Amino acid sequence: MLAVHLENHRVALKRVPRPRAPQGFALIRLLCGGICNTDLELQRGYYGFSGIPGHEFVGEVVEAANRELIGRRVVGEINLDCGCCDWCRKGLGRHCPKRTVLGIVKHPGAFREFLTLPERNLHMVPDSIPTEQAVFVEPLAAAAEILDQVTIPCSSPVAVLGDGKLGLLIAQVLDAHGYRVHEFGRHKENLRIAARAGVETEIARDHLPAAEYDWVVDATGSPKGLADAVHIARPRATIIMKSTVHGLAGFDTAPIIVNEITLVGSRCGRFEPALELLKTGLINVTDMISEQMPLDRAPEAFRKAAKSGVLKVLLK
Ligand SMILES: [Zn+2]
Ligand SMILES: [Zn+2]
């Protein structure tokens, strides 16, 4: 079968044997995969990754011990946890120290014709959600994770920095929960998607307002994003850090201490609220699809996804 292979900053196609599902795992046929910034960062050298990338997917279950899953469309949680440590027992397998991560850490990813994942990681996709929307469940769960981590007072203003894929999802999720979202970005076309959802948007070149927000989300995906977030934050503000960048954020940390700012790191989230959000139709993901390509054009798809202003590129 066909698989995408990432090595030494290069994306290539390979013929590999169809994987065999170990006990407790399902064999899944890929229907659609989404290229995420993390995949592009892996290509740049994040985690020293080599292998099959891909962690955003919708698939159809081909083999599983649970007969109910067979033939169903599923999305899958990307962290493969041990199931028995303290973290796993608390329902926080996303922090299991023994975990592997689909397409990121020691588990081959989803950009291949067939993949495997533990059956307990799978969530069935309701018929009302088309495959091209369901592929956004994983990043949408990451966006909604913010609301699991911090309690933002009702209808508070929240600044979202960044108008890439994750920034647009975060802005829409916060807007759907009634917050007054102000999104700062660089791409008029992208910001228009958030604006249509009711988000106040602004093209921010270099002049961000100083000390204005109690709640700030950095989703710029840029090493400079955190410094900008600190600049825009009021004393005692909370900054939610959503950018995973390969490299170091070198900047003056004194304002964080002087202004007593709380930094909150934020990564993956639960799939249930993300599926619920998609069901409501309040999150516009369709306009975020820039391009759809077959799996065998993955090298071109990665090049396309890395271009400035390009949103989601899907592999099918
Ligand atoms: Zn991702
Ligand atoms: Zn564990």
Side-chain angles (χ1 to χ4, degrees), residues 25-26 28-36 38 54-62 64 66-81 88 91-95 99 101-104 109-110 115-150 165-179 181 193-194 197-198 217 219 242 266-289 292 311-312 314-316:
F25 282 60
I28 303 154
R29 185 169 68 86
L30 180 70
L31 296 174
C32 184
I35 299 177
C36 155
T38 306
H55 56 274
E56 298 175 6
F57 78 94
V58 181
E60 185 191 287
V61 176
V62 180
N66 175 2
R67 310 292 301 171
E68 269 177 45
L69 283 171
I70 294 174
R72 292 297 303 262
R73 282 185 311 147
V74 292
V75 289
E77 308 237 4
I78 70 173
N79 295 284
L80 293 85
D81 56 32
C88 289
L92 280 171
R94 302 195 293 278
H95 291 290
R99 73 183 181 277
V101 187
L102 178 72
I104 300 175
L115 63 135
T116 61
L117 261 190
E119 289 182 28
R120 61 190 163 100
N121 284 43
L122 303 179
H123 298 257
M124 291 194 223
V125 177
D127 290 339
S128 63
I129 307 177
T131 298
E132 294 73 20
Q133 292 183 16
V135 75
F136 284 87
V137 164
E138 196 276 332
L140 196 54
E145 168 72 354
I146 294 172
L147 298 169
D148 269 358
Q149 291 179 287
V150 294
K165 299 177 278 288
L166 191 55
L168 290 175
L169 290 175
I170 291 168
Q172 293 190 74
V173 167
L174 295 175
D175 178 77
H177 282 83
Y179 297 111
V181 182
I193 297 169
V217 181
K242 272 293 186 187
S266 181
R267 183 175 45 111
C268 299
R270 295 180 296 119
F271 274 31
E272 293 87 350
L275 280 163
E276 284 306 316
L277 275 167
L278 278 181
K279 264 203 270 183
T280 64
L282 286 172
I283 312 291
N284 176 357
V285 292
T286 307
D287 287 351
M288 289 176 55
I289 302 169
Q292 308 193 38
L311 294 172
K312 190 61 79 184
L314 300 180
L315 292 169
K316 301 182 104 172

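On a predicted model such as this, the values are computed, not experimentally measured, just so you know.
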Looking only at heavy atoms, what is the nearest atom pair of Lys165 and Met288, with distance? O-CE, 3.4 Å
Salt bridge (Lys or Arg N to Asp or Glu O under 4.0 Å) partners for Glu119, two or more places apart: none
Passes side-chain contact (heavy atoms from CB on, under 4.5 Å), Gln172 versus Leu277? Steps please. CA-CA 10 Å; Gln172 293 190 74; Leu277 275 167; over 6 Å; no
What residue pairs, at least two apart or across chains, pass salt bridge (charged side-chain N to carboxylate O under 4.0 Å, His left out) with a residue in residues 270-282? Asp148-Arg270, Glu276-Lys279
How far apart are the closest heavy atoms of Ser266 and Gln149, and which atoms are they? OG-OE1, 2.6 Å
Distance from Leu92 atom CG to Asn79 atom CG, nearest 0.5 Å? 10.5 Å
Between Leu122 and Ile28, is there a side-chain heavy-atom distance shorter than 4.5 Å? yes
Nearest 0.5 Å, please: how far is CD in Gln133 from CG in Asn284? 8.5 Å
Smallest separation among heavy atoms of Val135 and Pro139, with atom names: O-CD, 4.0 Å
Please check if the side chain of Lys312 supplies one atom and the backbone of Ile35 the other of a donor-acceptor pair under 3.5 Å. yes
For Arg94, check salt bridge (Lys or Arg N to Asp or Glu O under 4.0 Å) against everything at least two apart and list the hits. Glu145
Please enumerate all residues that pass side chain to side chain contact (heavy atoms under 4.5 Å, CB included) together with Leu147, with sequence neighbours excluded. Val173, Leu174, His177, Tyr179
Which atom pair, heavy atoms only, marks the closest approach of Leu80 to Pro118? CD2-CD, 3.4 Å
Smallest heavy-atom separation, Arg72 atom then Glu68 atom, equals CG-O, 3.3 Å
Could you give the distance from SG (Cys36) to CG (Leu166), rounded to the nearest 0.5 Å? 8.0 Å
With sequence neighbours excluded, tell me which residues meet side-chain hydrogen bond (donor to acceptor under 3.5 Å, both in side chains) with Asp81. Arg120
How close do Ala219 and Ile170 get, counting heavy atoms only, and between which atoms? CB-CD1, 4.0 Å
Approximate separation, where rounding is to 0.5 Å, of Arg29 CZ and Leu115 CG: 11.5 Å
Residues at least two apart in sequence or cross-chain that pass salt bridge (Lys or Arg N to Asp or Glu O under 4.0 Å) with Arg267, listed by chain then number, are none
Report the distance from atom CD1 of Ile104 to atom NE2 of His55, rounding to the nearest 0.5 Å. 4.5 Å
Run the side-chain hydrogen bond (donor to acceptor under 3.5 Å, both in side chains) test against Glu138 and tell me which residues pass, sequence neighbours left out. none
Sequence-distant partners of Lys242, salt bridge (Lys or Arg N to Asp or Glu O under 4.0 Å), two or more places apart: none
Hey, mind stepping through Leu169 and Val285 against side-chain contact (heavy atoms from CB on, under 4.5 Å) and telling me if it holds? CA-CA 8 Å; Leu169 290 175; Val285 292; 3.8 Å; yes
Which residues pass the side chain to side chain contact (heavy atoms under 4.5 Å, CB included) test with Ala274, not counting sequence neighbours? Val137, Leu140, Ala141
What is the distance from atom CZ of Phe136 to atom CG of Leu314, rounded to the nearest 0.5 Å? 6.0 Å
Tell me if a side-chain donor or acceptor on Asn121 pairs with a main-chain N or O of Ile78 at a distance below 3.5 Å. no
Would you please name every residue forming a side chain to side chain contact (heavy atoms under 4.5 Å, CB included) with Ala134, sequence neighbours left out? Val58, Val75, Val125, Ile129
Using modelled atom types and a 3.5 Å cut-off, is there a donor and acceptor pairing between side-chain atoms of Gln292 and backbone atoms of Lys316? no
What residues form a side-chain hydrogen bond (donor to acceptor under 3.5 Å, both in side chains) with Arg73, not counting sequence neighbours? Thr131
